[in-house]
Number of protein chains: 2
Amino acid sequence: MLSHKAKYALKALLYLAEQDEDHISKTIEIADGANIPKKFLEQILLDLKRGRFVSSKQGKFGGYYLIKSKNDITLAEIHRLFDGAIALLPCASLNFYERCLDCKTEEECSLRHGLMIIRDETLKAMQNITIASLIKK
Amino acid sequence: MLSHKAKYALKALLYLAEQDEDHISKTIEIADGANIPKKFLEQILLDLKRGRFVSSKQGKFGGYYLIKSKNDITLAEIHRLFDGAIALLPCASLNFYERCLDCKTEEECSLRHGLMIIRDETLKAMQNITIASLIKK
DNA sequence: TATAAAATCTATCAATTTGGTAGGGTTTTG
DNA sequence: CAAAACCCTACCAAATTGATAGATTTTATA
């Protein structure tokens, strides 16, 4: 399941993607528009900025805006940024790999192969869902 | 990600599936064989029993055994039993549906449609991974 | 029938994660 | 120069997770 953070991030990105080109959105505007607690949203927007999905302008009339095309922001990326691995176990993960400590031998654990198949399928599907694809319905 | 419970459950089922037909496995035997903390495994086996994947015999020479074919136990079922919904949000779930409370209108939330696509793909993949498929490698 | 072995039940617990809130500080700009 | 916004750090309560502990019930058999 997605965390609230990831869900809010997607909704915030959706909000930004729906604005006119060159429009800068204030935090409070996004919070109201997407129904997200403002202070919580602040942290999320900072994460999105660190992830180079959005950028910001400070000072009066400042705010946030997309710096990545809505066609290029995928569910997979947002999931990884906020919720980490897409695979079901760390030993089957591409980006968050860790060895299974409870597997007796150092060989592959019995689950790994199957979970890598799941990961590939899920990843493929998640890379197909973009912010743009969520808008046009 | 899978919880330890779900992971241990899969490993325990794998262990049981690899035994001879009619063999009854004691908890301690499964715990040692699959490297699972014994007391924790006890709870998991009870859950698997309630889920009708295994049955048990009490008393001396008792233990656990599969009552569902290893070809019919899927990753999807184990995920649902221990970790709940497969969908990324409750509003996109088949078995654990709940309305999005933070969506302003009562209509579908903007994420729902995309997440249902992911759910379908993931579910299909997870239903293809059975205990039997994990054994033959 | 006593006893040993095994499942089963009920409670508890520490650590971590989650979903926030609070309160400032810093930077920019009218 | 002050307002408006970003930015940062800390804290907090509730829930979840990953167990452990101990008592009880059931069963086979010596």
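Quick note on labels: first sequence line is chain A, next is B, and so on, each numbered from 1.
Counted by atom type alone, B:Tyr65 and B:Gln19 present zero donor-acceptor pairs between their side chains at under 3.5 Å. There is a side-chain donor-acceptor pair under 3.5 Å between A:Glu29 and A:His23.
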Please report, to 0.1 Å, the donor-acceptor pairs under 3.5 Å made by any side chain of residues 50-64 of chain B, with sequence neighbours excluded.
unit_1, atom_1, unit_2, atom_2, d
B:Arg50, NH1, B:Asp47, OD1, 2.8
B:Ser56, OG, B:Lys49, NZ, 3.0

Give every donor-acceptor pair under 3.5 Å between a side-chain atom in residues 115-123 of chain A and any protein atom, sequence neighbours left out.
unit_1, atom_1, unit_2, atom_2, d
A:Arg119, NH1, A:Ala92, O, 2.8
A:Thr122, OG1, A:Ile118, O, 2.9

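Taking A:Phe40 as the reference, A:Tyr8 meet the ring-ring contact (aromatic ring centres under 6.0 Å, His included) condition, with sequence neighbours excluded.
The nearest heavy atom of DNA chain C to B:Lys38 and to A:Phe40 marks one nucleotide each, and the one closer to the 5' end goes with B:Lys38.
Phosphate proximity of D:dC6 to A:Thr27: present, with a side-chain N or O under 4.0 Å from OP1 or OP2. Taking 4.0 angstrom as the limit, A:Tyr64 places none of its side-chain polar atoms (N or O) nearer than this to OP1 or OP2 of D:dA5. Using a 4.0 Å cut-off, no side-chain N or O of A:Arg50 falls inside it from OP1 or OP2 of D:dC6. Of the side-chain N and O atoms in B:Ser56, none sit less than 4.0 angstrom from OP1 or OP2 of C:dA6.
Between B:Asp83 and B:Ala6, the shortest heavy-atom contact is OD2-CB, 3.5 Å.
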Please write out the pairs of protein N or O atoms and N or O atoms of nucleotides 28-30 of chain C separated by less than 3.5 Å, giving the distance to one decimal.
unit_1, atom_1, unit_2, atom_2, d
C:dT29, OP1, A:Lys57, NZ, 3.4

If you restrict it to nitrogen or oxygen atoms, what contacts under 3.5 Å exist between nucleotides 13-17 of chain D and the protein, and what is each distance?
none

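For the pair A:Lys5 NZ and C:dG20 P, the computed distance is 11 Å after rounding to whole Å. Between the P atom of D:dT26 and the NZ atom of B:Lys49 lies a distance of 12 Å, rounded to the nearest Å. One interatomic measurement links the two molecules: CG of A:Leu101 to P of D:dG18, which rounds to 14 Å at whole-angstrom precision. Counting to the nearest Å, the C1' atom of C:dG25 and the CG atom of A:Leu46 are 14 Å from each other. Taking atom CG on A:Leu45 and atom P on D:dC6, their separation rounds to 8 Å, with Å as the unit. To the nearest angstrom, C1' of D:dA5 lies 11 Å from CD1 of A:Ile28. Rounded to an integer number of Å, the gap from A:Met1 CE to C:dG19 P is 10 Å. If you measure from atom CD of B:Glu42 to atom C1' of C:dA6, you get 9 Å, rounded to the nearest angstrom.
Formation of a donor-acceptor pair under 3.5 Å by the A:Ser93 side chain with backbone atoms of A:Pro90 is not found in this model.
Residue A:Phe96 is found outside any hydrophobic cluster, as its side-chain heavy atoms come under 4.5 Å of no other Ile, Leu, Val, Met, Phe, Trp or Tyr.
Using a 4.0 Å heavy-atom cutoff across all strands shown, B:Lys7 reaches no nucleic acid atom at all.
Not a single donor-acceptor contact under 3.5 angstrom links the side-chain atoms of A:Gln43 to the base of D:dT9. For C:dG23, the base has a donor-acceptor partner in the side chain of A:Lys39 [N/O atoms by modelled type, under 3.5 angstrom].
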Kindly determine whether B:Ile131 and B:Asp72 satisfy side chain to side chain contact (heavy atoms under 4.5 Å, CB included), including the steps that lead there.
CA-CA 8 Å; B:Ile131 294 298; B:Asp72 295 338; over 6 Å; no
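In the hydrophobic clustering of ILVMFWY residues, with side-chain heavy atoms under 4.5 Å counting as a link, B:Met126 and B:Ile135 come out together.
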